[in-house]
Asks: 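After the structure tokens below, expect a handful of questions from me.
Letters A, B, ... mirror the listed sequences (proteins, then strands); counts begin at 1.
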Amino acid sequence: MKLHEYQSKALLSMYGMLVPRGGLAATPQEARQVAERLAGPCVVKAQVYAGGRARAGGIRMAGAPQEAEQHATALLGSRLVTSQTGPEGVPVHRVLVEEALEVERELYLGIVIDGGAESVVVMASRAGGTDIEAVAREHPELILRQVVDPVVGFQAFQGRRLAIDMGLPASLARSLAAQMVALYEVFIAKDCSLAEINPLVITRDGRIVALDAKLNVDDDALFRHEDLAALRDWSQFDPLEARAGQAGIAYVKLDGDVGCLMNGAGMAMATMDAIQASGLSPANFLDVGGAADPNRVATAMGILLEDPAVKRVLVNVFGGIARCDDIARGILQAFQPGQRAIPMVVRLLGANLQEGLALFRASGLNVTFAASLLDAIQALRELSNAQ
Amino acid sequence: MKLHEYQSKALLSMYGMLVPRGGLAATPQEARQVAERLAGPCVVKAQVYAGGRARAGGIRMAGAPQEAEQHATALLGSRLVTSQTGPEGVPVHRVLVEEALEVERELYLGIVIDGGAESVVVMASRAGGTDIEAVAREHPELILRQVVDPVVGFQAFQGRRLAIDMGLPASLARSLAAQMVALYEVFIAKDCSLAEINPLVITRDGRIVALDAKLNVDDDALFRHEDLAALRDWSQFDPLEARAGQAGIAYVKLDGDVGCLMNGAGMAMATMDAIQASGLSPANFLDVGGAADPNRVATAMGILLEDPAVKRVLVNVFGGIARCDDIARGILQAFQPGQRAIPMVVRLLGANLQEGLALFRASGLNVTFAASLLDAIQALRELSNAQ
Amino acid sequence: MSILVNRNTRLLVQGLTGHQGQYHTAQMLAYGTNVVAGATPGRGGQRFQDRVPVYDEVEEAVAKAGANASIIFVPAPSAPDAILEAADAGIKLIVCITEGIPALDMVKVLHFLREKDVTLIGPNCPGVISPGERCRVGIMPSDIHTPGRVGVASRSGTLTYEAVYQLTRAGVGQSTCVGIGGDPLVGANFVEVLALFEDDPGTDAVVLIGEIGGVKEQQAADFIKAGGFTKPLFALVAGQSAPPGKRMGHAGAIITGTAALASSKIAALRDAGAAIIPSPASIGETVKRGMG
Amino acid sequence: MSILVNRNTRLLVQGLTGHQGQYHTAQMLAYGTNVVAGATPGRGGQRFQDRVPVYDEVEEAVAKAGANASIIFVPAPSAPDAILEAADAGIKLIVCITEGIPALDMVKVLHFLREKDVTLIGPNCPGVISPGERCRVGIMPSDIHTPGRVGVASRSGTLTYEAVYQLTRAGVGQSTCVGIGGDPLVGANFVEVLALFEDDPGTDAVVLIGEIGGVKEQQAADFIKAGGFTKPLFALVAGQSAPPGKRMGHAGAIITGTAALASSKIAALRDAGAAIIPSPASIGETVKRGMG
């Protein structure tokens, strides 16, 4: 789960990291007031769940409070389209107005849980302020790593080593290490899956400040962080993704026109791959889960049908725990009177298969049955050619 | 550092342990008000840094608010003498007024840092509500232990095992384990050196409640717990111990008449042992520390002189980092005009020895020099015989 | 022959008394698995289907029922505790079905297990099945499996069923099928499972089913290149059509960098000599042809 | 001959640039210790007494100055980090003088070091000295020591000086004197030090100086009974006159139960065959007589 920049910075600050002075604004007037309080040049930053804001005009310098108000007026209520969003962009409901700092150096600081190391890894780079994934691709040697021992946690000496290996003066190493330790403490205390400070800046007057901040919280750990779970901003999601998310369904909207409903993440991806390999294009990733109950399946199917791009549907469900008749019931439940007609290819396997198929047959809907994934893809192609 | 029962219970409660409903009172009126709010039989408990309160009359049942007020009147402002205090007792400045619970079983729950296991150890016993040290002595098999792995921490299954091995019904094991996990979390979060819930009770209605609570915080960890450090209640100490503690001097008041000033804990204990072995009796343990600066030595000597029981003084300092002239200066500084005369045996060894001895000689005080610990004890005995 | 489980497996079910535990225990018993005990705190003394005794503690199940393997069906917040309880009681094979364990909990659990002589399969996995041994320690549909000499190792659940279904239909039986789990941090990875298959005389070849995210497939490729696995390997990597930066169901299935791409994994495996399965629809066919 | 330190010891001083670090580095150099480097973050490039180079990191001190042992003089809040930095950089002997490290920090540090091939002496200890090797890695007064064949192992600082002083005055020289530290949790305990003395051909007997609190003396007694240490042992346990329940200076010196009593420890050591030193004033005399 993503946190907004302002939420991330509030947490960092609690754990002793320096962040720029500033305040949140939901209206242009509030933005002006914050800028007045800051009494100096400031930055107006759109609060959205997406990176690449600067190039997209989502981060704007303001020399005077009036200018901050103007920027806020332009941003608030708009949709920001960045390299990380779709063409529809993400809505800007709040801006963060912060003091503009005189920056001497920009660093990158990140923490992840590394599957390879089976541990937390703290990363740092002197190539801060840029697209760190590009750096990782083109100059991997610029990204330094320290694996954390889970018994003793991230140690200050590891932070000093990162600082010195980044080429910073040893005089700064101690305070930089302290900032890294603080970020690590947030990471652990809040069950983060990702923490990124890009850039972490060294100001002309020698302070180390988190100019930007991005914390992602492990979705699986939200059960012990009710306060954080409540921060999720559903407005930042595609409306269908938001509905799916709230119903506990793994759904990702894609560009194609084949709506697909699967169970199991691997099966869902594989089905999408097979669709794409056949020259068709999946409209979504959708995993109703292993123990798909009829209501959840109905919600999932409803979401598929609501996507206007979806022209045909593939149901590919391999019953493990899930029973085929439950799946059928759920899908049919979504076809309430008035629901648009849509051709479906259905491939079911597992317990109560005949009962499931019978329910489909009885429904009167346009359903093609397939016995295998190969058959299903073939049937889809035929449908597509016919349409 | 000890915490009062009410302070300990506030922490436990924050971490999810059940404690009796109640409130703190500094006056009999407040005690009555708390009792009225509780609306039922209650217990009035003296808040002191000592166990053994029940037998000493420091814990009293009250059927009605008026009775609670009477008990509070008797306790507040008095000094409570228990088996764990000296004959002078400890002052009662506050009482905790709590609901009286209907108790089905009394258990013991404790957490320590075990030097042998080099880890945290959680202990539980079905012999709760009694003197646990006596149980440990006479029925050690009744005290169950689980060593905690520092990577994963105390686990619920360990708590269930303790519960089941105590002979509790498995139906209670889960909730008891949860209480143990909560206590372990307090222990770690607050850097405790000891946590004891004695008794942890199971009420008639099946709740698990910490009827008493004792948390000691690791003195060495107080630098990261300013809030806890501020809770130290100096009124509970012998006045001389309090003064020494505030000056950072390790001082323990004893029963004898030989005041002694040493550097190093082992040396201090050994010197006391030698005094005692010679038939004399040490008036105190006092370690001025390795790098004894003159001011600290002066404070230490002042404390010795202020103890009216002290009839003679032994100074036994082996200079490592400490210089003998600094020690001499500090000791002499304590003999301000008006200070009572007292015979001293001085044994110094280390850097600047001659300068130190010269300072003593020039002071005009009654000082016998000794070259060895053996000589020093011999000189003390002669002094004692002469006095 | 098989790896991990066989006729000597004496299975304990942790969380047997829950809904999922009961359902799958019945399935496992029906398949022939020797389920010797269940463990649910507070439910000791019960019997499942009048024959499987339930204990309060794993320790008791080991002592009284001789359990030597465990399958875990307890909810995510309690699952790390269940894994540690099993390890502490001396269980040597722990299969954790539970989905949704916080990643930082698994960092600690894996660190703890590293010093112990324990194999953890999962979490968030379908388990292990050896058709020839009639031993199912998992939640997979039994009837799609058939005894044979091809091993399956997979990060996915249902996609494994699909693969096995295709294999069986193509006449290719399985020695053992292992779902290693869809989380970024799991006990045994592909490398450990391939090492076991390498040593298993009952396995002639392995089907590896990977997906986007992490470096588990690259680690497998490195292991093969280093000579750790020498039998034929058929590999499928799901997620070629997945967009970057989006979690595709599994916590581990997210493209966060170049290495996480399906194409990178396929390249690594191909480079290590694996036969790449071109489409999820042609698993059975590819393996059958490859096995000649 | 000696244990732990000798003429090949190439010592790094962590926290050399502090007050205590400077004072004792001067003393150690004067004694003959081969101090090859200091380490203080942010002070790299300085030189102590125009000859000992100071580095920012321990790793650098190991790489450039070939340090193989370290002594730590950094304040308690940073001391665990200093220990871990030294261990991480490959230092094999770490002597931590620092007093006042939180006990829970030491639980973690000791757990971490258990998997490493490192000996930690201390914390809260006076260090190690081998007079015959002119190697002092500690804060003890140098001049009281004299080369010889008796080892000293002690939980105390100044009481060790007293013991050594008496030994030297009695004409009994020392092979190595080790202060293991006064905290409840320290790196090497009596057992580890006795094992080293057992193997040291330069040590004929050992003086063990214990005190109230903990079970370190009992562990030593058990080790002797198990045959781990066979040379003559002279033992003194301080704190016979200490009251129960009060911390006597050292964090570890507190009587919390029967085992913590001086009398229990003396009984255990006597039972293991140790010669008990009757009074702190008669250490030298007792050992001299005992050594015949």
Side-chain angles (χ1 to χ4, degrees), chain B residues 15-17 104-105 107 109 111 114 117-124 126 141 144-185 187-189 200 202 205-208, chain C residues 12 14-18 38-46 53-64 70 72 74-91 94 96 98 101-116 118 120 185 187:
Chain B
Y15 281 79
M17 284 193 88
E104 183 86 25
R105 290 188 71 155
L107 309 171
L109 184 57
I111 307 186
D114 186 284
E118 293 185 345
S119 196
V120 174
V121 170
V122 177
M123 299 177 298
R126 60 187 169 84
E141 76 284 359
L144 308 172
R145 293 158 47 93
Q146 284 281 318
V147 177
V148 179
D149 181 277
V151 184
V152 294
F154 182 74
Q155 291 292 312
F157 84 86
Q158 298 182 293
R160 296 194 299 268
R161 184 167 304 164
L162 288 172
I164 289 169
D165 291 353
M166 276 193 285
L168 293 178
S171 56
L172 268 175
R174 240 191 247 241
S175 41
L176 190 57
Q179 295 288 300
M180 292 182 192
V181 169
L183 185 62
Y184 174 78
E185 282 172 0
F187 190 93
I188 297 298
L200 179 72
I202 299 168
D205 55 359
R207 286 177 301 148
I208 301 169
Chain C
L12 162 72
Q14 288 177 261
L16 166 53
T17 56
T40 305
R43 298 294 183 89
Q46 297 185 358
V54 176
Y55 302 97
D56 290 312
E57 296 186 278
V58 175
E59 202 179 37
E60 205 183 347
V62 170
K64 297 193 179 156
S70 173
I72 293 174
V74 308
S78 307
D81 180 60
I83 296 171
L84 295 169
E85 182 178 7
D88 187 74
I91 297 278
I94 304 169
C96 184
T98 310
I101 299 178
L104 285 174
D105 287 3
M106 284 311 298
V107 168
K108 293 183 196 169
V109 167
L110 293 182
H111 191 89
F112 178 84
L113 294 182
R114 217 170 284 166
E115 295 166 38
K116 308 270 181 288
V118 169
L120 170 68
L185 276 74

Asks: Using the side chain to side chain contact (heavy atoms under 4.5 Å, CB included) criterion, which residues pair with Ala182(B)? Sequence neighbours excluded.
Replies: Met17(B)
Asks: For Ala156(B), which atoms come within 4.5 Å of any heavy atom of chain C: side chain, backbone, both, or neither?
Replies: both
Asks: To check you understand the geometry: which heavy-atom pair defines the closest contact between Leu120(C) and Cys96(C), and what is its length?
Replies: CD1-CB, 4.2 Å
Asks: Measuring heavy-atom distances to chain B, does Glu57(C) have an atom under 4.5 Å in its side chain, in its backbone, in both, or in neither?
Replies: side chain
Asks: Sort Arg174(B) into side chain, backbone, both or neither according to what part of it lies under 4.5 angstrom from a heavy atom of chain C.
Replies: side chain
Asks: Of all of Asp56(C), Val58(C), Leu84(C), which one pairs up most often with chain B through heavy atoms under 4.5 Å apart?
Replies: Leu84(C)
Asks: Is a side-chain donor or acceptor of Asp114(B) paired with a backbone partner of Val120(B) at a separation under 3.5 angstrom?
Replies: no
Asks: Applying the side chain to side chain donor-acceptor pair (under 3.5 Å) criterion to Asp88(C), which one of Arg161(B), Gln158(B), Gln146(B), Gln155(B) satisfies it?
Replies: Arg161(B)
